[in-house]
Amino acid sequence: MVVFPLIAFLVSVACAAVIGYDTWRRPRPDRVVWTIAFAIFAIAAGSEVLGSLGEWTAPLARLYYLCGAVLVVGYLALGEGYLLARKQIERFAPGWTLLVTALAASLVIGAPIDQARLADDGWDAIERGPALVAMAVSINALGTIVLVAGALYSALRFRKLGIQRHRMIGCVLIAVGTLTVASGGTLTRFGRHEYLYIAMSIGVAIIFAGVLQTRRPETAGRADKLERAAAIAVSTNGAHSAASNGTSPHQQESPAISFIENQLLPLSTEALAAECAVWSAPLQSIEVFDRDQARMVWRLRSSLSEVGQARFDQLPPAVRLQLAELHQDVFTSPTATFS
């Protein structure tokens, strides 16, 4: 049955293209790894399509098993790891990833194949020894735990902070999709080989839906709009007060600070985090600042007016860091210009 591998292939290609486009626009390690992961998924599903429509060969069977049965969940989990703990893993993750990939490839290439079963059973004709089984089980088990735990942790964090509702829903969908894909191997024990591809196609579709959900812009509700209007009124009163003292508001603050005070800080917390992400300052899952982050946040706070500082202090640490990174790395970088 080729329809389910074909669905998994098409959805994987679409997902790799969407994340790849985001990576091209705003490169980040998690996006790079997830693009690779879905490309690997597409290779696995495509190998199954070719084997089903044509004839299974030893290289095709090995390619499917390496990509689909061994590596893909590990790469998805690595992307989640970069998203949640980039600074903690960025020094050793690339080297370990290359090492594990090379070891897995050597085990799959070296595994014997039952040529008598190859035409009918495809990749299942690969004779998996203890080392290859241990490698596949370890990567898939640990990868699934990291993916599901990481996605659910992110969802709970967003819910606690009261921001990024769409991203929270997307994280839950990614966790559900991962579990669905992981269930494919278990379902084959019911005696039907195609159950694996049913689970794969449904699971990758759910993951893709989660990815699309995380890309949706957040919108502020009526209460948020009222909050924004009130903040703008306070900011306007502050400008009138400065004018009555004989000074111009534009003389007191830079264009970057003016934009942050008048356009960004009046937004709701959810909309503010989404707007910073649009400006290439993504939301990070943090509860406390490290020393460099604290200094950067304090520099921005010191540049704000009293009204701006009061609003700034009400924001969650992760959103304050977003604003500080936006101010330092984008608005006031040496290449930034303002009219």
Side-chain angles (χ1 to χ4, degrees), residues 12 15-16 19-20 22-24 26-45 47 59 61-111 123 126 128-155 157 171 174-175 177-179 181-182 184-185 200 203-204 207 210-211 214 282-288 290-293:
S12 299
C15 202
I19 301 177
D22 288 344
T23 304
W24 177 73
R26 293 185 296 274
R28 291 210 320 256
D30 54 291
R31 290 174 178 169
V32 172
V33 173
W34 275 351
T35 301
I36 296 172
F38 281 104
I40 291 173
F41 213 143
I43 291 172
S47 299
R62 296 186 197 278
L63 184 63
Y64 169 84
Y65 193 80
L66 175 63
C67 293
V70 181
L71 293 180
V72 65
V73 174
Y75 272 85
L76 287 170
L78 178 61
E80 186 73 20
Y82 269 118
L83 187 64
L84 295 177
R86 174 179 172 180
K87 290 188 176 181
Q88 287 78 9
I89 71 171
E90 62 183 358
R91 292 185 177 180
F92 65 85
W96 275 102
T97 301
L98 291 175
L99 177 62
V100 171
T101 301
L103 180 58
S106 65
L107 289 174
V108 173
I109 292 172
W123 60 268
I126 297 176
R128 278 88 74 183
L132 182 55
V133 171
M135 172 69 73
V137 170
S138 298
I139 292 177
N140 282 278
L142 292 176
T144 300
I145 292 172
V146 170
L147 265 172
V148 175
L152 294 179
Y153 170 79
S154 297
R157 284 287 300 148
C171 287
I174 290 172
T178 301
L179 287 175
V181 171
M200 283 180 61
V204 73
I207 293 173
V211 171
T214 62
L283 184 69
Q284 300 184 39
S285 298
I286 64 164
E287 296 183 0
V288 296
D290 62 30
R291 187 61 57 84
D292 291 336
Q293 290 171 344

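Residues take their numbers from the sequence shown, with the count starting at 1. Both backbone and side-chain heavy atoms feed into the values below; hydrogens, waters and symmetry mates do not.
If you run side-chain contact (heavy atoms from CB on, under 4.5 Å) between T23 and each of T35, V33, D30, only T35 comes through.
The side-chain heavy atoms of R28 and P282, taken from C-beta on, include a pair separated by under 4.5 Å. Side chains of M135 and V70 form a contact here, defined as non-hydrogen atoms less than 4.5 Å apart.
When all heavy atoms are compared, the tightest approach of A136 to A69 is CB-O, 4.1 Å. Annotation for D290 and Q293: closest pair OD1-N, 2.7 Å, computed over non-hydrogen atoms. Contact detail for A39 and A16: the closest heavy-atom pair is N-CB, 4.0 Å.
Interatomic distance, W123 CH2 to R128 CZ, rounded to the nearest 0.5 Å: 5.5 Å. Note that the CD1 atom of I36 and the CD1 atom of I43 stand 10.5 Å from one another [nearest 0.5 Å]. Atom SG of residue C15 and atom CZ of residue F38 lie 3.5 Å apart, to the nearest 0.5 angstrom. The structure places CG of L132 at 9.5 Å from CG of L66, a figure rounded to the nearest 0.5 Å. Note that the CG atom of L78 and the CG atom of L71 stand 11.5 Å from one another [nearest 0.5 Å].
The backbone N or O of L76 sits less than 3.5 Å from a side-chain atom of W34, completing a donor-acceptor pair. Checked by atom type and distance alone, the side chain of S106 pairs as donor or acceptor with a backbone atom of L103 at under 3.5 Å. Of the possible polar contacts, none joining the N140 side chain to the G74 backbone as a donor-acceptor pair under 3.5 Å is found. Checking side-chain atoms of R62 against main-chain N and O of V108 turns up a donor-acceptor pair under 3.5 Å.
The closest side-chain donor-acceptor pair between Y75 and T101 falls under 3.5 angstrom.
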